[in-house]
Trainee: 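Attaching a single structure in structure tokens format; questions to follow.
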2 protein chains.
Amino acid sequence: MTRQGAIPIQYTNVTSLRVGAMDFGSDDTALNSFRRNVQRVPANKILLHDGEHNCKVIVVIEGWLATSKSSLNGEVQLIDFMLPGDIADPTSADGKTAGLNIEAVTGALVSVIPLAVWHRMLAESPRLARANEQVQAAERARLSERMLRLGRGSAESRIAYALIELCMRLRPLGLSDNCAFHLPLTQRHIGDFTGLTAVHVCRTLRRFVRNGLVETADHMDIRITNLATLSEIAGVEPERLAAEITPLPE
Amino acid sequence: MTRQGAIPIQYTNVTSLRVGAMDFGSDDTALNSFRRNVQRVPANKILLHDGEHNCKVIVVIEGWLATSKSSLNGEVQLIDFMLPGDIADPTSADGKTAGLNIEAVTGALVSVIPLAVWHRMLAESPRLARANEQVQAAERARLSERMLRLGRGSAESRIAYALIELCMRLRPLGLSDNCAFHLPLTQRHIGDFTGLTAVHVCRTLRRFVRNGLVETADHMDIRITNLATLSEIAGVEPERLAAEITPLPE
DNA sequence: CGGATTCTTGATTTCTCTCAACAGATGTGG
DNA sequence: CCACATCTGTTGAGAGAAATCAAGAATCCG
């Protein structure tokens, strides 16, 4: 928790953005709309509260966001991470109220778009509408994979899955090189993501390291050294998973 | 399984369907498309397999469907129940492959629509597109509520939540009268829905009954007799929940 | 009727949480 | 620059919640 919205606008100069399988360049009106609503936000800033009436769609340009729900006694469940090119649409059934918290995990560059504007954008750009569908489909696929592990998986399975999911998602962004990647997360984040306590995340990760499945370096630099075994623990085929949860360039 | 597959095959003659907040009558071209693709399916029939390439959108007209994922060792997680007016779109990120199983829990009347046709329908009917959005938003809200409980809730909390969610969803369908409703489910279904074993579902339900929170009659006729306490266990405000997870008529 | 589910309850085991203590890192202000 | 507070990560010991194993009762179905 720190200083707020400070960070002045320097290179808010977005020249292109890939959403789903679609590249939006300077000649796209959609990109101009993104630009008009760009904000740079600091890490840990909450962009939207669950239940908030003034609901907005948030497009990630740079950095990590997370969507979450929290229980009355303060426990948090991360619902999904939103990476560059992802679209967080927190709207619930009434079409007005947010059903999620959205917060910045790292400093991030986002486009915050009022619902009305967003709907107009979708109507005016079939490409954007299509990209939006792809991104939503990818998110749905991720959510159900994760629900399966939350409901039926062991701690090992949940964490193995989380590592593989994030690895696969970072790959097309150029942020995962041969199963080595950096997670800007604490073990608490991983716990909130997998429905475990931070303590148990620690134990389980260390066990993975002891067993030669992953290596870790300073603050969450991860390298998966035995993808085959880790996949087996996660109950997943990595390539099939990648196809289902990340929109691939065509 | 049981009787409720019974529903006689007479009125496959669909004269209107409410999807989200929208009524589609005989004068709607969308309804005609639904009609052209109507199928009656028996209980337990699997309509679509996770991973299946020939992916379709399924609109529920009557009865209960469930979407699910299963792990390699055969454990099942129900992702969501689909009730009349709901739309099951199992498409994953590649836009072609199904990311979910879809099966009939009861005998059901459904409209099975190929993806291409579905997209054409959405393009041609802004009302249908709007209804689709509402239904999807409601589903997203339900999924995140449930993920919170799967990750962070006790068995009591999960089951209490499930009962309240289903109660709230059945209400606008006229199937829940003053918190009394019938669930065409076994305790195993509830276990697969809440990520618990059937044994533990049984214990927990009986505890609720002993404590005067709910009454049960023959095979899953439920009456919530103390909604206040049950809501507290579920960590939910019933009316707010209802607004977030069910599309309300306008 | 007989077989197959489903439900119920008890006894035991297993997994994860909770509590606790400490080390390392980070950051702050004097 | 140091003293100090605050996070984060690590590890151990013990408690608690749900799973597993098991066996019998109730129900459904052909």
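Proteins come first, then strands; the chains are lettered A, B, ... in the order of their sequence lines, and each starts at number 1. Keep in mind that this is a model prediction, so the values were computed, not measured.
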Trainee: In whole Å, I'd like the distance from the CD1 atom of Ile159(B) to the P atom of dA17(D).
Mentor: 15 Å

Trainee: Hey, are Asn101(B) and His49(B) close enough side-chain-wise for a donor-acceptor pair under 3.5 Å?
Mentor: no

Trainee: Need to verify one output field. Residue with the more 5' nearest nucleotide on DNA chain D, Arg158(B) or His219(A)?
Mentor: His219(A)

Trainee: Choosing from dT10(D), dT20(D), dT16(C), which nucleotide comes nearest the side chain of Val199(B)?
Mentor: dT20(D)

Trainee: Return the value, rounded to whole Å, for the distance between atom CG of Leu196(A) and atom C1' of dC15(C).
Mentor: 11 Å

Trainee: Applying side chain to side chain contact (heavy atoms under 4.5 Å, CB included) between Gln77(B) and each of Thr67(B), Asp192(B), Leu150(B), report the one that passes.
Mentor: Leu150(B)

Trainee: Is any side-chain N or O of Arg203(A) closer than 4.0 Å to OP1 or OP2 of dT10(D)?
Mentor: no

Trainee: With a cut-off of less than 4.0 Å, is there a side-chain N or O of Thr197(B) near OP1 or OP2 of dA19(D)?
Mentor: yes

Trainee: Just compare dT10(D), dA19(D), dC7(C) and give me whichever is closest to any side-chain atom of Arg206(A).
Mentor: dT10(D)

Trainee: How close or far is atom C1' of dA17(D) from atom NE2 of His200(B), stated in whole angstroms?
Mentor: 7 Å

Trainee: Remember a base hit wins even if backbone is also touched, and classify Gly191(A) as base, sugar-phosphate or nothing at under 4.0 Å, heavy atoms.
Mentor: nothing

Trainee: Let me know the distance between CZ of Arg149(A) and P of dT16(C), rounded to the nearest Å.
Mentor: 15 Å

Trainee: Nearest-Å distance, CD (Glu156(A)) to C1' (dT14(C))?
Mentor: 13 Å

Trainee: What is the distance, to the nearest angstrom, from the CG atom on Asn44(A) to the P atom on dG27(C)?
Mentor: 13 Å

Trainee: Quick one: is Gln187(A) getting a side-chain N or O under 4.0 Å of the dT10(D) phosphate, OP1 or OP2?
Mentor: yes

Trainee: Will you find, in the side chains of His200(B) and Thr197(B), an N or O donor that is under 3.5 Å from an N or O acceptor?
Mentor: no

Trainee: Using five pairs at either end of the helix from dC1(C)-dG30(D) to dG30(C)-dC1(D), determine the angle between the two local helix axes and round it to 10 degrees.
Mentor: 50°

Trainee: One thing to verify: whether Arg142(A) and Glu244(A) come together as a salt bridge, which I'm taking to mean a side-chain N less than 4.0 angstrom from a carboxylate O.
Mentor: no

Trainee: Between dT18(C) atom C1' and Asn73(A) atom CG, what is the distance in whole Å?
Mentor: 15 Å

Trainee: Starting at the 5' end of DNA chain C and moving along, which residue's nearest nucleotide shows up first, Glu75(A) or Arg210(B)?
Mentor: Arg210(B)

Trainee: Taking CG from Leu205(B) and P from dA18(D), how many angstroms apart are they, rounded to a whole number?
Mentor: 14 Å

Trainee: Are Arg207(B) and Glu156(B) within salt-bridge range, i.e. N to O under 4.0 Å?
Mentor: yes

Trainee: Would you say the base of dG9(D) and the side-chain of Arg188(A) have a donor-acceptor pair closer than 3.5 Å?
Mentor: no

Trainee: Is there a donor-acceptor contact under 3.5 Å from the side chain of Arg240(A) to the main chain of Val236(A)?
Mentor: no

Trainee: Does a side-chain N-to-carboxylate-O contact under 4.0 Å join Glu215(B) and Arg210(B)?
Mentor: no

